There are 2 protein chains.
Amino acid sequence: MSVGIRHDDLRRRNRAMVISAVRRAGQPSRTEIAATTGLSHSTISAISADLIQEGILTESKASEPTALKRGRPQIGLALNPEAAAVLTVVLSLNFLSVAVIDYAGQVIAEEQQRLDTLVMPREELIGECMAIVRRRLQDPDLDVGSVARIAMGIQGITDSHARAMLWSPITPLTDIPFADILEREFGIPATMENDCNMMAVALQWRDPNRYRDNFIAILLSHGIGMGLVLKGQLFTGTHSSGGEFGHMIHRPGGALCRCGRRGCVEAYAGNYAIWRSAMMISEDAEPTDVGDADMRALAAKARLEEGPEREAYRRAGEALGFGLGSLFALIDPAPVAMVGVSAAAFDLIEPALRKAIAQTAGGQHSESISFDTEPNELPLIREGCAMRALTFVDQEIFAPGVQARAGKHVA
Amino acid sequence: MSVGIRHDDLRRRNRAMVISAVRRAGQPSRTEIAATTGLSHSTISAISADLIQEGILTESKASEPTALKRGRPQIGLALNPEAAAVLTVVLSLNFLSVAVIDYAGQVIAEEQQRLDTLVMPREELIGECMAIVRRRLQDPDLDVGSVARIAMGIQGITDSHARAMLWSPITPLTDIPFADILEREFGIPATMENDCNMMAVALQWRDPNRYRDNFIAILLSHGIGMGLVLKGQLFTGTHSSGGEFGHMIHRPGGALCRCGRRGCVEAYAGNYAIWRSAMMISEDAEPTDVGDADMRALAAKARLEEGPEREAYRRAGEALGFGLGSLFALIDPAPVAMVGVSAAAFDLIEPALRKAIAQTAGGQHSESISFDTEPNELPLIREGCAMRALTFVDQEIFAPGVQARAGKHVA
DNA sequence: GGCTTTTTTTCGAGCCTCGAAAAAACACTG
DNA sequence: CAGTGTTTTTTCGAGGCTCGAAAAAAAGCC
């Protein structure tokens, strides 16, 4: 059962609330924070005084474009960029990218690198990841002590505690506990996040109006992934990162999927599946890697004329539509963001997708379901990792406060 | 954004925690409560003194079979049965059943009635429901003032706020706001709950070891319904009661479902679908009602010999298996309880079901997924309604406390 | 009957939030 | 430019809550 609320939890929670209000709103005044949190002005005043004194928040006087109003002007509160820093590591197919981000969310350094993820042996892959992180941490411009968190994102399945990569399409290797390895190597708390989950987190921050309580982010790439937010919270499985939308069964016993099973949504809508279908290769053929450029050429061809290419996208749309329909039967319809190379070909996918959804339980409001597309997943994943790490610092490091933290260290 | 924690929330939450600890544990001592809640002995002592003084809890001296131990014996705390009462109304096909339950969870009165739900006009159906409730409330043995909550359960789809029945297989009528009607009629707060959700709630109370954080209750009856508990919490859709497992798509464009669409899981696994298949009737045929006795006879025939009956159950198992597999792809595998008439025929369903699951993403641990069967859904639904209503009283009426409630009334 | 053990209550200290009032900081006005 | 009005922020005392330590209570044990 959930634990009771102790007296000191109260302050911790309300501090967390103030910090998150500032992170969300940009430069809210104390009065605005009081309004959104429902706490009294005196409480907000006391808490923000503490937070400023601890160097977590700053008063921003740079509110130049203030509308001239009577009365004492509001003082905007902002996150102090120097309060901390976080580091993001995004590992994708043949590509490794690292960024250092200040507490206010600005990128202050980054580094990228190509590497052959598909063939690298275990030690080498881990080694390269550690090396690039070490280079960034040794940057003389950076105060290493301020790096409070590392968030690593990867395509594939991670465990539900965000500690390890269990399986990934970008490497034959499995079960690499990246979070533990990073922590041991650098002594900085780390997590290993699923790419689609991070996309969802990023969308929530980018456009909180559209992506607030319930929405779906779908990665249309080599594989099909999903990040799901329900009731404002990231939905993860109980054992794994969950949301293996691509491996819902579209046609029992159907086309061969990369996962070895048959009839998965991905076996019709993944890049390799669209390619296989367009090239009139058997559905039983082993999945092959298809480059982004090839996919773009395929989409162009499909737009040009009727033919197997267009038919391939139609079938992808159908699979995605029935999959979404089944999902909507379970969770009610929600806005969908399509991300990845094939999202750029969403015009080819959409008609069949909508037609399929209309035939399912979720399709009652099929027209009202809205889709957004974003062809480039990498920036989203990094942004999601950054926000993940930053909110961790907010909630777990800064919210407890100095005396609480001091107490913990002693214990 | 979520609201800050005020000072008075603290007491409310901790009172709620103590009450729920007592409801869960039966007759825990103050020391046990302190251990499970993590609060100090002094706090538990203060809170329980209040609750006893308010007549919500009682000290139970009836701890006869206490193991003789040194030291001051523990005093068990129990719910005071007379603190309040709740009323459950379960409306199912041709059957209406009402029960009055005391605060400790014991049934103190009940009444049942047959009625032709399929053909009754709107006003008459509502009228019969109100009449049976009124009769129970007028029982001279009952203190009407103590009835604090009515929970109504129905087969079908309810809205996400548990206020109205949106659609049900037991009547052609739609959109009946039963909760509002009950509240207006009797002045007692009421809810309109989905049957499968209540089954899940009941299972959680009946066997908290097996059904704790993540599990699935599936109703195998005329239609196919599902109640889903994730992370210990009932999962409901954003608009409706959600979890329309029966209308996930099994075969795109396949058999005709009662809902008018094609290829739903229910169109292969609902009673009418099994019957249709066993009788070698076309998959395009309109669904017909099949009695429980007929279904039992069908199952007996299927057990006896190979033939279309056995094949029908096999196909039902396959549909359920692929549906569950897709579900498991999204939420990771969890224990499943099969409830309803066809759960008694689960021996006929299970082999094909397991075989299908094994071909899906969730099937990696296909053997480890365990199934339970319970042929009678009605007692479960009533029990779920009762617990729903009682925990509402716990959390929303008794937890705030008298002075808080007095304050509310004034405001 | 005194001692030990365990549970429960009591009591003062320390925090926290709140409301009211005061202070601060600005615009407007004549 | 001093006075007035307005809005934001801070200050201060009151009231509650939880906690730890100590005391009290209620048994068994010898």
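Chain letters run A, B, ... following the sequence lines, proteins first and then strands; every chain starts at 1. What you see is a predicted model; the values in this text were computed from it and never measured.
In this structure, B:Glu59 atom CD and D:dA25 atom P are separated by 15 Å, rounded to whole Å. In this structure, A:Arg15 places its CZ atom 10 Å from P of C:dT17, rounding to the nearest Å. A:Arg6 places its CZ atom 8 Å from the C1' atom of D:dC19, with the value rounded to the nearest Å. Note: CG (A:Leu39) to P (C:dG19) measures 11 Å, nearest angstrom. If you take CZ of A:Arg12 and P of C:dC15, they are 17 Å apart, rounded to a whole angstrom. Here D:dG15 presents its C1' atom at 14 Å from CG of B:Leu10, a figure rounded to the nearest Å. The CD atom of A:Gln74 sits 14 Å away from the P atom of C:dA27 (whole-angstrom rounding). Rounded to an integer number of Å, the gap from CD1 of B:Ile47 to P of C:dT10 is 15 Å.
B:Thr43 has a side-chain polar atom (N or O) that falls below the 4.0 Å cut-off from OP1 or OP2 of D:dC19. Between A:Arg30 and D:dT10 there is a side-chain N or O to OP1 or OP2 distance below 4.0 Å. OP1 and OP2 of C:dT6 both lie 4.0 Å or more from every side-chain N or O belonging to B:Thr31. B:Arg11 has a side-chain polar atom (N or O) that falls below the 4.0 Å cut-off from OP1 or OP2 of D:dT18. Contact annotation: A:Asn14 does not reach the phosphate of C:dC16 (side-chain N/O to OP1 or OP2, under 4.0 Å).
For B:Arg72, counting side-chain heavy atoms from C-beta on, the closest listed nucleotide (C:dC26, D:dT8, D:dA24) is D:dA24. Checking C:dT10, D:dT8, D:dG15 against the side-chain heavy atoms of B:Ser45 singles out C:dT10 as nearest.
Side chain of B:Asn214 to main chain of B:Lys231: a donor-acceptor pair is present (N/O by atom type, distance under 3.5 Å, no hydrogens or angles). A donor-acceptor pair under 3.5 Å is formed between the side chain of B:Asn80 and the backbone N or O of B:Gly55.
Evaluation of atom-type donor-acceptor distances gives a pair under 3.5 Å for the side chain of A:Ser42 against the base of C:dG19. A donor and an acceptor atom never sit less than 3.5 Å apart when one is taken from the side chain of B:His41 and the other from the base of D:dG20.
Along DNA chain D, the nucleotide nearest A:Glu32 and the nucleotide nearest B:His7 are compared for position; the residue whose nucleotide lies closer to the 5' end is A:Glu32. Where A:Ser40 and A:Gly71 each meet DNA chain C at their nearest nucleotide, the meeting point lying more 5' is that of A:Ser40.
Ring orientation note: the planes of A:Phe398 and A:Tyr103 are nearly perpendicular, at an angle over 60° on the 30°/60° scale.
For the atom pair B:Thr36 OG1 and B:Arg24 CZ, the distance stands at 9.0 Å (nearest 0.5 Å). The line from OG1 of A:Thr391 to CH2 of A:Trp205 is 6.5 Å long, rounded to the nearest 0.5 Å.
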